[in-house]
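As the structure lists them, so they are numbered: ligands from 1, and atoms in each ligand from 1. The chain is numbered in sequence order, starting from 1.
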Amino acid sequence: MRSLSEGIPNISVRLDRLNRLMYMMIEFQDHIPDALVEDFGHRSPIVSKFSDIAAVLDSIRYIKKNLKRWMEPDIRFAASPFNLFGAKAYVQYQPVGSVGVISPWNYPFNLTIGPLAAVLSAGNRAMIKPSELTPKSSNLMKRMISEYFEPEEIAVVLGDGSVGEEFSKLAFDHLFFTGSTAVAKKIMAAAATHLVPVTLELGGKSPVIVGCSADLKTVADRVWNGKLMNGGQTCIAPDYLFIPEAHLESWIEASTNSIASMFPLIFKNENYTSIINVNHFERLQKYLEDARRRGAQIIEFNPGREEELDRTYYKLMPSMIVDVTDDMLVMKEEIFGPIMPIKTYRKIDDAIQYINNRSKPLSLYYFGQDKTEETHVLENTISGGVSINDVIFHYVQDDLPFGGVGASGMGRYHGIEGFKTFSNPRAVYRQTPIDFILKIMRPPFGHLFKRVISSRIKF
Ligand code: NAD
């Protein structure tokens with residue numbers, strides 16, 4: 001690995017690395033969706049191109065456009081009275097050194113190359129450990145990176161959780177993890193051995209609140225588009241939804257129409273993504289069985305009246321669970337699939353209270369035209385991010401920080417926050433060249449220094 005004695009990478013070195021990352025993604029634009037199809041059984045190729053290539057390229061372009069400005073000394077206020085005599089203060093953003101990146105399977109390229117762009121923009125080297133559940137994608141990533149980067153710049157380590165365990169014990173300068181809350185606890189414990197700072201990008205149950213003033217057709221189109229993208233296997237997918245009690249029937253109708261218009265067929269639809277493997281498929285079916293057994297109403301959306309025999313791979317029909325209760329598995333665990341529990345409310349504060357009684361979510365969604373209600377929701381809830389009148393969109397805003405809070409994560413990336421996460425904000429102070437002002441502060445202390453001190457000990 002390159003040592004600091006070889007110098008801190010200047011802007012040209014960083015831009016060269018970001019350019020190579022871009023060329024790499026563009027060159028492999030057809031291999032990436034193919035690998036994802038193989039890993040998922042079936043994954044919508046156009047969604048793969050959008051989520052795992054175009055969105056990543058957008059982020060890199062944004063970083064490239066702003067990097068020079070981010071790297072400049074960040075001028076701060078030097079304390080008085082020294083500032084009056086020429087003292088200066090600023091922050092110098094330095095690379096932290098080497099960064100470990102552990103990534104999950106649901107958006108393998110987006111969630112590995114995206115963080116990598118931020119790591120490289122801050123002038124660091126990286127070691128990445130992609131997921132074992134998407135072996136074709138992880139192998140492809142290793143090949144792509146070896147063709148475009150020296151191992152000293154980016155090293156790729158392949159393997160399962162046991163490899164991840166060893167990886168997380170390494171003496172990195174920063175460890176960036178995207179995955180489950182359960183594994184994050186192990187990562188943080190392992191990182192503690194060398195006091196490695198961590199960023200944890202986790203999941204959880206992201207709620208939707210639909211206000212009385214929302215247009216249900218618009219809500220259904222936007223919510224179901226977000227929910228069903230990647231078969232529901234998205235960390236910021238809307239997990240469950242609150243609807244005013246009086247609007248439940250209209251909501252069911254709007255959902256039926258919206259899903260049928262986007263996905264007239266499910267099993268035979270090229271743009272409907274399969275569940276990643278049999279374990280996750282069975283986990284989701286268990287949620288449905290458990291909810292049914294406990295008295296919930298399950299509404300399955302099967303617009304093309306496809307038969308069980310038509311099922312391809314582990315595709316699961318979208319469904320909605322009405323009359324959910326908190327003892328149901330589907331309300332206890334992150335769903336990560338095309339199932340939407342619906343809760344009704346009479347007063348918006350009941351929905352807010354329900355959300356606030358649970359772990360702080362990664363994302364929160366509010367739909368409505370009532371600005372007072374919108375402000376009330378924003379001011380009385382906490383989450384990593386929010387989209388208003390849509391879902392997921394805050395993630396693709398390159399100028400907004402992305403991350404969770406509490407059990408949904410810690411730390412941020414995207415945009416300048418990503419650059420700062422992987423930088424050491426070194427505080428630099430340049431002393432005034434005028435010594436008489438400093439001399440006052442040196443022993444033997446005279447009256448003037450005592451007067452200055454006394455004058456400052458006041459409210
Ligand atoms: P996971 O936690 O099971 O695995 C993530 C990565 O950690 C994999 O590379 C895995 O090999 C590795 N790993 C497993 N055990 C490990 C250990 N003991 N030590 C070190 N590494 C280990 O998560 P997953 O199933 O791949 O992904 C799904 C989860 O990720 C969901 O909870 C989802 O919400 C979350 N997620 C979050 C975001 C986000 O940006 N916040 C994005 C996507 C997914």
Side-chain angles (χ1 to χ4, degrees), residues 39-40 51-52 55-56 59 100-115 118 127-135 137-139 141-142 156-170 172 175-193 196 198-206 227 229-239 275-277 279-281 283-284 332-337 359-364 383-385 392 394-396 400-414 417-418 421:
D39 283 332
F40 279 74
S51 65
D52 282 87
V56 176
S59 304
V101 176
I102 302 180
S103 52
W105 54 265
N106 60 330
Y107 291 93
F109 292 88
N110 185 308
L111 298 171
T112 311
I113 309 297
M127 267 174 84
I128 63 173
K129 209 298 278 170
S131 173
E132 68 280 17
L133 294 195
T134 46
S137 303
S138 299
N139 275 302
M141 232 176 307
K142 189 176 170 76
V156 184
V157 176
L158 298 183
D160 62 8
S162 63
V163 173
E165 209 177 314
E166 294 308 312
F167 187 93
S168 59
K169 289 181 195 157
L170 297 177
F172 290 115
L175 184 53
F176 183 93
F177 170 77
T178 306
S180 60
T181 304
V183 171
K185 291 179 185 170
K186 297 181 187 171
I187 301 269
M188 202 164 167
T193 314
V196 175
V198 290
T199 300
L200 304 174
E201 297 284 343
L202 314 178
K205 295 182 83 61
S206 297
K227 179 74 172 180
M229 187 168 88
N230 207 30
Q233 301 162 108
T234 305
C235 59
I236 46 173
D239 188 279
I275 300 305
I276 183 79
N277 60 27
N279 292 344
H280 281 280
F281 182 75
R283 175 181 63 80
L284 292 163
K332 286 184 180 164
E333 296 174 17
E334 178 183 10
I335 298 172
F336 231 56
S359 298
K360 297 182 184 81
L362 182 57
S363 304
L364 184 140
S383 64
I392 295 180
H394 63 284
Y395 178 85
V396 288
L400 282 181
F402 180 76
V405 53
S408 60
M410 64 176 70
R412 292 289 184 276
Y413 75 124
H414 288 191
E417 278 77 10
T421 288

Could you list the donor-acceptor pairs under 3.5 angstrom formed between side-chain atoms of residues 407-414 and any protein atom two or more places apart in sequence or on another chain?
residue, atom, partner, partner atom, Å
S408, OG, K360, O, 3.1
S408, OG, P361, O, 3.4
S408, OG, L362, N, 3.4
S408, OG, V405, N, 2.9
S408, OG, V405, O, 2.8
R412, NH1, G404, O, 2.7
H414, ND1, Y395, O, 3.3

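- Here the protein heavy atom with the shortest distance to atom 14 (C) of ligand 1 is G161 CA, 3.6 Å.
- Note on ring orientation: taking the six-membered ring where Trp is involved, the planes of F167 and F172 are tilted (angle from 30° to 60°).
- Of all protein heavy atoms, the one closest to atom 27 (O) of ligand 1 is P104 CB, 3.4 Å.
- Using a non-hydrogen distance threshold of 4.0 Å, F167 does not register as a contact of ligand 1.
- Heavy-atom contacts of T178 reach the following atoms of ligand 1: 5 (C), 37 (C), 38 (C), 39 (C), 40 (O), 42 (C), 43 (C) (cutoff under 4.0 Å).
- By heavy-atom distance, the residue among G204, G409, S138, C235 lying nearest atom 38 (C) of ligand 1 is C235.
- Distance CZ/F177 to OG1/T199: 12.0 Å, rounded to 0.5 Å.
- At least one side-chain heavy atom of N106 sits under 4.5 Å from a side-chain heavy atom of F336.
- When only non-hydrogen protein atoms are considered, atom 16 (C) of ligand 1 lies nearest to V183 CG1, 3.4 Å.
- The residue L133 has no part lying near ligand 1, judged by heavy-atom distances below 4.0 Å.
- Considering backbone and side-chain N/O atoms, L202 comes within less than 3.5 Å of an N/O atom of ligand 1.
- Taking every heavy atom of P130 and a limit of under 4.0 angstrom, the matching atoms of ligand 1 come to 9 (O).
- Atoms of ligand 1 found under 4.0 Å from any heavy atom of G164, numbered from 1 in the order shown, are 19 (N), 20 (C), 21 (N).
- The line from CD1 of I187 to OG of S168 is 4.5 Å long, rounded to the nearest 0.5 Å.
- Only side-chain heavy atoms of K186 come within less than 4.0 Å of ligand 1; its backbone N, CA, C and O stay farther off.
- Among W105, Y395, F402, the residue whose heavy atom lies closest to atom 40 (O) of ligand 1 is F402.
- Contact of the S103 side chain with the P130 side chain is registered, since non-hydrogen atoms from C-beta on lie closer than 4.5 Å.
- Closest approach of S162 to D160, counting heavy atoms only: OG-OD1, 2.6 Å.
- Every residue two or more places apart in sequence or in another chain was checked for a salt bridge (charged side-chain N to carboxylate O under 4.0 Å, His left out) with E417, and none qualifies.
- The structure places CG of L133 at 9.0 Å from CG of D39, a figure rounded to the nearest 0.5 Å.
- Remark: ligand 1 atoms within the under-4.0 Å shell around heavy atoms of I102 are 6 (C), 7 (O), 9 (O), 12 (C).
- Those atoms of ligand 1 with a heavy atom of N106 less than 4.0 angstrom away are 43 (C), 44 (C).
- For atom 31 (C) of ligand 1, the nearest protein heavy atom (residue, atom name, distance) is E334 OE1, 3.5 Å.
- Taking any N or O of H280, backbone or side chain, none lies under 3.5 Å from an N or O belonging to ligand 1.
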| request: Please assess Y107 against T234 for the test side chain to side chain donor-acceptor pair (under 3.5 Å), listing each intermediate value before the final yes or no. | output: CA-CA 8 Å; Y107 291 93; T234 305; 2.6 Å; yes
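- If you look at L362 next to ligand 1, the close heavy atoms, those under 4.0 Å, all belong to the side chain.
- Distance screen at 4.0 Å: atom 34 (O) of ligand 1 has a protein heavy-atom neighbour inside the cut-off.
- Residue contact check: K129 has heavy atoms under 4.0 Å from atoms 8 (C), 9 (O), 10 (C), 11 (O) of ligand 1.
- Scanning the protein heavy atoms around atom 1 (P) of ligand 1, the nearest turns out to be S180 OG, 3.6 Å.
- The closest donor-acceptor contact from the side chain of K129 to the backbone of G164 lies at 3.5 Å or more, if one exists at all.
- Here the side chains of F402 and I236 are in contact, with some heavy-atom distance below 4.5 Å.
- The contact set between ligand 1 and G203, taken as ligand atoms under 4.0 Å from a residue heavy atom, comprises 34 (O).
- Which parts of ligand 1 touch F177 is read off a 4.0 Å heavy-atom cut-off, strictly below it: atoms 2 (O), 5 (C), 6 (C), 7 (O).
- With a heavy-atom cut-off of 4.0 Å, L111 touches ligand 1 through its side chain alone.
- Of all the heavy atoms in V56 and G114, the pair that sits closest is CG1-N, 4.3 Å.
- Here CE of M141 is found 6.5 Å from OG1 of T134. Values are rounded to the nearest 0.5 Å.
- Within the model, atoms OG of S180 and NZ of K186 stand 8.0 Å from one another, a figure rounded to the nearest 0.5 Å.
- Heavy-atom separations between S103 and ligand 1 include at least one value shorter than 4.0 Å.
- Heavy atoms of I187 found under 4.0 angstrom from ligand 1 belong exclusively to the side chain.
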